[in-house]
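The structure presented is a predicted model; accordingly, all values stated were derived computationally and were not measured.
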Amino acid sequence: TWQGEVYALPYGANAHALVYNKSLFDASGVGYPTADWTWNDALTAARLLTKDIAGRGTPDIWGLNLAGSVMSDMLLSFGGPVLDEDGRTVRVNNPVNAAALGFFSELMSKGLDAYPRPAPNALQQFLSGRVAMAGLGVFTVPNLRSTAEFSWDAELFPVFEVAGRRYRNAFTSAEGW
């Protein structure tokens, strides 16, 4: 509701986590994500896991798929508010959001993120065995269990460190009518 008027009715919420392909980690000799990982740890792993196997100059295996997520939700997950408390003022220019945008810039500009390649969505990319880590919702678990042809697991999203503070927020998606 807003100002006493009903604008939408919620019908669900989904928690998201960092889902990872254990087989790709094992093949590269990279340790699995842990609850104390930072996003810098995730970037380091993504660099080691991103590979151009065919030698075409573009990756065949990507370390991470996050940029396909809704940027405003990911900024919240990194700890920074997108809007001020009035709901009308954009707050991108604060230290946490600036650092988060820098993280996404490196992820995209260095070719570490699989978005928008090699498949239309993060789940399909992950199930193809060509993405080592992806931000996926709990609604994907049945599909992962029935379809994945590799060993996988999930971990909390890493913490984001800015100016000595650690930020971790559960990324969720909500649905409504």
Q.
Please find the pair of heavy atoms, one from Thr50 and one from Gly63, that lie closest to each other, and give the distance.
A. OG1-N, 2.9 Å

Q.
Please find the pair of heavy atoms, one from Leu144 and one from Val19, that lie closest to each other, and give the distance.
A. CD1-CG1, 4.1 Å

Q. Between OG1 of Thr140 and CZ of Arg145, what distance do you get to the nearest 0.5 Å?
A. 10.0 Å

Q.
Would you say that Leu123 contacts Asn143 through its side chain, given a criterion of any heavy-atom pair below 4.5 Å between the two side chains?
A. yes

Q) What are the two closest non-hydrogen atoms of Val162 and Pro95, and how far apart are they? A) CG1-O, 4.0 Å

Q) Is there a side-chain contact between Leu64 and Val131, using heavy atoms and a 4.5 Å cut-off? A) no

Q: Tell me, with the steps shown, if Trp62 and Arg130 meet side-chain contact (heavy atoms from CB on, under 4.5 Å).
A: CA-CA 6 Å; Trp62 283 268; Arg130 297 176 63 194; 3.7 Å; yes

Q | Exercise: do Thr89 and Asp86 side chains pair donor with acceptor under 3.5 Å | A | yes

Q: Verify the cluster assignment for Leu48 and Ile61: are they in a single hydrophobic cluster under the rule of side-chain heavy atoms below 4.5 Å apart?
A: no

Q) Do you know which two heavy atoms are closest between Gly31 and Trp37, and how far apart they sit? A) O-CZ2, 3.8 Å

Q) With side chains defined as the heavy atoms from C-beta onward, is the minimum distance between Asp60 and Asp52 less than 4.5 Å? A) yes

**Q.** Contact summary for Met133 and Ala45, nearest pair of heavy atoms
**A.** CE-CB, 4.1 Å

Q) Can Ile53 be reached from Leu49 by stepping across I, L, V, M, F, W or Y side chains whose heavy atoms are under 4.5 Å apart? A) no

Q. Do Ser23 and Trp152 touch side chain to side chain, with heavy atoms closer than 4.5 Å?
A. no

Q | Smallest separation among heavy atoms of Ala122 and Leu136, with atom names | A | CB-CD2, 3.8 Å

Q: State, yes or no, whether a side-chain contact exists between Leu18 and Pro158 at a heavy-atom distance under 4.5 Å.
A: yes

Q: Scan side-chain atoms only and decide if Asn40 and Thr38 contain a donor-acceptor pair under the 3.5 Å cut-off.
A: no

Q: With the side chain counted from C-beta on, respond yes when Phe150 and Phe126 share a heavy-atom pair under 4.5 Å apart, and no when they do not.
A: yes

(Q) With clusters defined by side-chain heavy atoms of hydrophobic residues (ILVMFWY) lying less than 4.5 Å apart, directly or transitively, does Phe160 cluster with Leu156? (A) no

Q. Are Tyr32 and Trp39 connected in the hydrophobic side-chain network, where two residues link if heavy atoms are under 4.5 Å apart?
A. yes

Q) How many angstroms lie between atom OG of Ser128 and atom CD of Glu149, to the nearest 0.5 angstrom? A) 10.5 Å

